[in-house]
Colleague: 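There's a structure below that I have some questions on.
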Amino acid sequence: QRLGLVIFYFALGGENWSNKAGFLNPNTHECTDWKTVVPDKFNMIGALCEEGDDNNDSSTYTTNRLSRIIFAQNNLKGTLPTELTFLSDLSFLSLEKNSIAGAIPSELSQLSNLALISLTDNFLKGGIPTEIGNSKSLREIHLGTNYLSGTLPSEIGKLSTLEYLSLETNNFIGTIPNEIGGNNDDSSNEELSSNNLLYLRLDSNKISGTIPPSIGKLTKLLALTLSTNSLTGSLPKEFGSMTELQNIQCNNNRLTGTIPFGANTPLRHISLADNKLRGTIDALAENTHLQSLTLGINELTGTISSNFCLRTPNIESIELNNNRMRGALPACIGNLTALTVINIESNTFEGRLPNKLPPNLRLFSASNNKITGTIPDSDNQNGGDGDGIFSDALQYLALRSNRLTGTLPERSLRKASSLETMDLQYNQLTGLIPTGLGNAVSLRSLYLSNNYFTGLVPTELSNLSMLSSVLIQQNEVSGSLDPICTMVPDAFNNIQIVADCEEVQCSCCSLCCDNDNNCISPSD
């Protein structure tokens, strides 16, 4: 085993390692001094040995046998030597975040005790050796973020003890082998299936075809990540019976059909954006464990029912943008105290805004819908009877291109100290631009163009030292924006301002617009 470590050292440029961990010291033993140990032996640099019997001598004695090599982020460069097979007791090989190139040696399958191999974030090329199916002790395979290619070997399905399979961010092609999934035809043969898989990551490859129904028979699976491939077809109906699955990510594929999850699947995170999925989200309302729902850029229809927010009290993020959903946001959504993100832009939602939003909401994007009525205020102004739309937590508000009327509420702006972006363009808002905007001390972008605002531009905008973009053209306001121009030393380079310069004095406007919304640079 000492020879194997010496070859390992030279094959991977040991002379240039960030930490040599005592390697090749002729006066020390590889099992006692060729390592730098921290309190947790898994978090170390070097070699770790365990006691065992060595019968190479005429007498039997107890010695240390190498079981782990851990050199994460240690400037290893070169190729993996086949002589790693000299380390017959090796169970743990962790070499992630280095510059290891070349192919994965097929000889590694001869290491009968190997339980973990982690080569994530290197420069490996070639395919996964089919001999991997002989590594019966493997529990974890981490090969993500490399340049591996070819098809996924079906022999992976022979690894009945495998719990983690991470092959993300490579160049794999072909289909997902049916054998990687749960037992099919011969449910009595454990050797034909990876039934113990807990985590399966194949995202960011070039995998095509459909998702095998056998994946839905991985009864212990907790997380499935298949995003950013070219997968087609529907999500297998078997997914609806995965009673342990907590996280599924299949974004950015070409999936069709409906979403098969319901009350039987205790999902916490559903991320299926950028596909062609259809149907409604009604069945997802039965999932009381749900924390995040990311379904943007699909073909979903239906509404967000009151039942949805009543049955998902722990939800933190709802992203339904770019679908075909309709109806009004239910009033009970304001009671979801864990909710921080709502993105429903580019649908056909209608009706009035809820009289209050969740108290911890950071992002509310509802642009490009058919929402009507006024913006609720905290003092029952504009017809509101709740806490209003602004809160201390809200950072991003986008209600562009709707049918909102009435005034921009003044009182609730007092709570807008965290607001960074407010986009209310292309509505039918009237009245004054409120002086309360001066309380939004974090505001960077203020977009109020194409409304019916009147009166003077409030001088309080000059209090907003973070302001970098102001669009107020196509309104009926007058006055001066010059106080904003003086907020920074070089206003022309640091602030983007667009206004109707015939009505609004603006010495630093990047664009000036006329009554026909023709906008040109003042320098032209």
Side-chain angles (χ1 to χ4, degrees), residues 235 249-261 269-287 290-312 315-336 339-358 361-376 389 394-406 421-429 447 450-451:
L235 294 168
Q249 299 182 39
C250 294
N251 301 316
N252 193 22
N253 280 286
R254 303 171 188 171
L255 298 171
T256 56
T258 59
I259 300 172
F261 304 113
H269 306 283
I270 301 175
S271 189
L272 304 172
D274 201 0
N275 283 286
K276 297 181 180 179
L277 298 170
R278 52 183 173 80
T280 71
I281 64 170
D282 292 345
L284 299 178
E286 303 301 320
N287 190 341
L290 196 61
Q291 294 178 12
S292 66
L293 182 63
T294 306
L295 300 176
I297 316 178
N298 278 289
E299 299 174 3
L300 299 172
T301 55
T303 65
I304 302 176
S305 67
S306 297
N307 189 49
F308 179 86
C309 60
L310 293 173
R311 296 294 299 274
T312 57
I315 197 158
E316 299 173 3
S317 175
I318 299 173
E319 299 186 54
L320 300 170
N321 55 290
N322 297 86
N323 278 286
R324 302 173 183 174
M325 299 187 68
R326 56 181 175 79
L329 280 178
C332 61
I333 207 163
N335 299 324
L336 297 174
L339 192 58
T340 61
V341 173
I342 299 176
N343 185 355
I344 58 170
E345 68 178 31
S346 300
N347 281 278
T348 56
F349 285 106
E350 54 199 6
R352 302 174 67 92
L353 292 169
N355 287 326
K356 68 174 182 178
L357 291 178
L361 194 69
R362 295 198 304 266
L363 182 149
F364 182 44
S365 181
S367 297
N368 300 310
N369 281 285
K370 299 179 179 180
I371 299 172
T372 57
T374 59
I375 298 176
I389 202 168
L394 191 65
Q395 298 175 5
Y396 184 96
L397 173 66
L399 297 172
R400 174 187 176 125
S401 298
N402 279 285
R403 300 172 182 177
L404 295 170
T405 56
T421 297
M422 181 163 66
D423 187 354
L424 302 177
Q425 299 178 93
Y426 296 96
N427 279 285
Q428 301 168 30
L429 298 172
Y447 304 135
N450 295 84
N451 279 284

Colleague: I want to check something: taking the side chain as every heavy atom from C-beta on, are V341 and F364 in contact at a cut-off of under 4.5 Å?
Modeller: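 Counting from C-beta outward, V341 and F364 never come under 4.5 Å.
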Colleague: Is it the case that E316 and S292 place a side-chain donor and acceptor less than 3.5 Å from each other?
Modeller: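 S292 and E316 do not have a side-chain donor-acceptor pair below 3.5 Å.
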Colleague: For P330 and S306, work out which heavy atoms get closest and say how close.
Modeller: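 Heavy atoms only, the tightest pair is CB-OG, 3.8 Å.
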Colleague: Treating N287 as the side-chain partner and L284 as the backbone partner, does any N or O pair qualify as donor plus acceptor under 3.5 Å?
Modeller: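 No.
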Colleague: Can you tell me how far the CG atom of N298 sits from the CD1 atom of I259, to the nearest 0.5 Å?
Modeller: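 Nearest 0.5 Å value for the CG-CD1 distance: 7.0 Å.
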Colleague: Do T301 and T280 make a side-chain contact, defined as non-hydrogen atoms from C-beta onward lying under 4.5 Å apart?
Modeller: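 Answer yes - side chains close enough.
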Colleague: Working to the nearest 0.5 Å, report the span between OG1 of T340 and CZ of R362.
Modeller: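 Separation between the atoms: 4.0 Å.
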Colleague: Do the non-hydrogen side-chain atoms of I344 and I342 ever get within less than 4.5 Å of each other?
Modeller: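 With C-beta onward as the side chain, the pair touches.
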Colleague: How many angstroms lie between CD1 in I371 and CD in E350, if you round to the nearest 0.5 Å?
Modeller: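 Atom-to-atom, I371:CD1 and E350:CD are 9.5 Å apart.
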Colleague: Is it true that K356 and N335 share a donor-acceptor pair across their side chains at a distance under 3.5 Å?
Modeller: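 Present: a donor and an acceptor within the cut-off.
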Colleague: Is the shortest heavy-atom distance from the side chain of T258 to the side chain of R278 under 4.5 Å?
Modeller: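 Yes; the side chains approach each other to less than 4.5 Å.
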Colleague: I need the minimum non-hydrogen distance between L399 and S367, along with the two atoms involved.
Modeller: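 Looking at all heavy atoms of both residues, the closest pair is N-OG, 3.7 Å.
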Colleague: Could you tell me the separation between the OG1 atom of T372 and the CG atom of L353, rounded to the nearest 0.5 Å?
Modeller: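 These two atoms lie 8.5 Å from each other.
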Colleague: Going by heavy atoms in the side chains, are R254 and K276 under 4.5 Å from each other?
Modeller: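 Not touching, per the 4.5 Å side-chain cut-off.
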Colleague: Please name the pair of heavy atoms, one in L255 and one in L235, separated by the smallest distance, quoted to 0.1 Å.
Modeller: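 Of all heavy-atom pairs spanning L255 and L235, the closest is CD1-CD2, 3.9 Å.
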Colleague: Distance check, rounded to the nearest 0.5 Å: T303 atom OG1 versus L329 atom CG?
Modeller: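 Rounded to the nearest 0.5 Å, the OG1-CG separation comes to 10.5 Å.
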Colleague: State whether a side-chain donor-acceptor pair under 3.5 Å links R352 with T374.
Modeller: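 Yes, a side-chain donor-acceptor pair sits under 3.5 Å.
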Colleague: Atom CG in N355, atom CD1 in I389: separation rounded to 0.5 Å?
Modeller: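 These two atoms lie 10.0 Å from each other.
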Colleague: How far apart are the closest heavy atoms of L290 and T312, and which atoms are they?
Modeller: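 Heavy atoms only, the tightest pair is CB-CG2, 4.3 Å.
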Colleague: Can a donor-acceptor pair be found between the side chains of D423 and Q425 at a distance below 3.5 Å?
Modeller: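 Checked: D423/Q425 side chains pair up, N/O donor to acceptor below 3.5 Å.
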Colleague: Please tell me if the side chains of D282 and F308 come closer than 4.5 Å, counting only heavy atoms from C-beta onward.
Modeller: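 Side chain of D282 against side chain of F308, heavy atoms only: no contact under 4.5 Å found.
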Colleague: Between E286 and R311, is there a side-chain N and carboxylate O pair less than 4.0 Å apart?
Modeller: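 Salt bridge: yes.
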Colleague: Can a donor-acceptor pair be found, under 3.5 Å and without considering hydrogens, that links the side chain of N275 to the backbone of C250?
Modeller: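 Answer holds: yes.
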Colleague: Decide yes or no for Q249 and H269: does some side-chain heavy atom of the first lie under 4.5 Å from some side-chain heavy atom of the second?
Modeller: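 They are not in contact (no side-chain heavy atoms under 4.5 Å apart), so the answer is no.
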Colleague: When you measure from the side chain of D274 to the backbone N and O of N251, does any donor-acceptor pair fall under 3.5 Å?
Modeller: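 No, D274 side chain to N251 backbone: no donor-acceptor pair under 3.5 Å.
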Colleague: Between the main-chain N or O of A366 and the side-chain N or O of N402, is there a donor-acceptor pair closer than 3.5 Å?
Modeller: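 The answer is yes, because a donor-acceptor pair under 3.5 Å joins these two groups.
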Colleague: Using distance alone, with no hydrogens and no angle criterion, decide if N321 and S346 have a side-chain donor and acceptor under 3.5 Å apart.
Modeller: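 On atom types as modelled, these side chains do not qualify, holding no pair under 3.5 Å.
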Colleague: Does the side chain of L404 come within less than 4.5 Å of I375's, by heavy atoms?
Modeller: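 A side-chain contact under 4.5 Å exists here.
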Colleague: I'd like to know if the side chain of N323 and the backbone of L300 have a donor-acceptor N/O pair within less than 3.5 Å.
Modeller: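 Flag set: sc N323 to bb L300 pair under 3.5 Å.
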Colleague: Restricting to non-hydrogen atoms, name the atom on L277 and the atom on L272 that form the minimum distance, rounded to 0.1 Å.
Modeller: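 Looking at all heavy atoms of both residues, the closest pair is CD1-CB, 3.7 Å.
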Colleague: So which atom in L336 and which in C309 form the shortest heavy-atom distance, rounded to 0.1 Å?
Modeller: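 Where L336 meets C309 most closely, the heavy atoms are CD2-O, 3.2 Å.
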Colleague: Using side chain to side chain contact (heavy atoms under 4.5 Å, CB included), reason through I315 and Q291 one step at a time and then give a plain yes or no.
Modeller: CA-CA 4 Å; I315 197 158; Q291 294 178 12; 5.8 Å; no
Colleague: Assess whether side chain to side chain contact (heavy atoms under 4.5 Å, CB included) is satisfied between M325 and F349, documenting all intermediate values.
Modeller: CA-CA 6 Å; M325 299 187 68; F349 285 106; 3.6 Å; yes
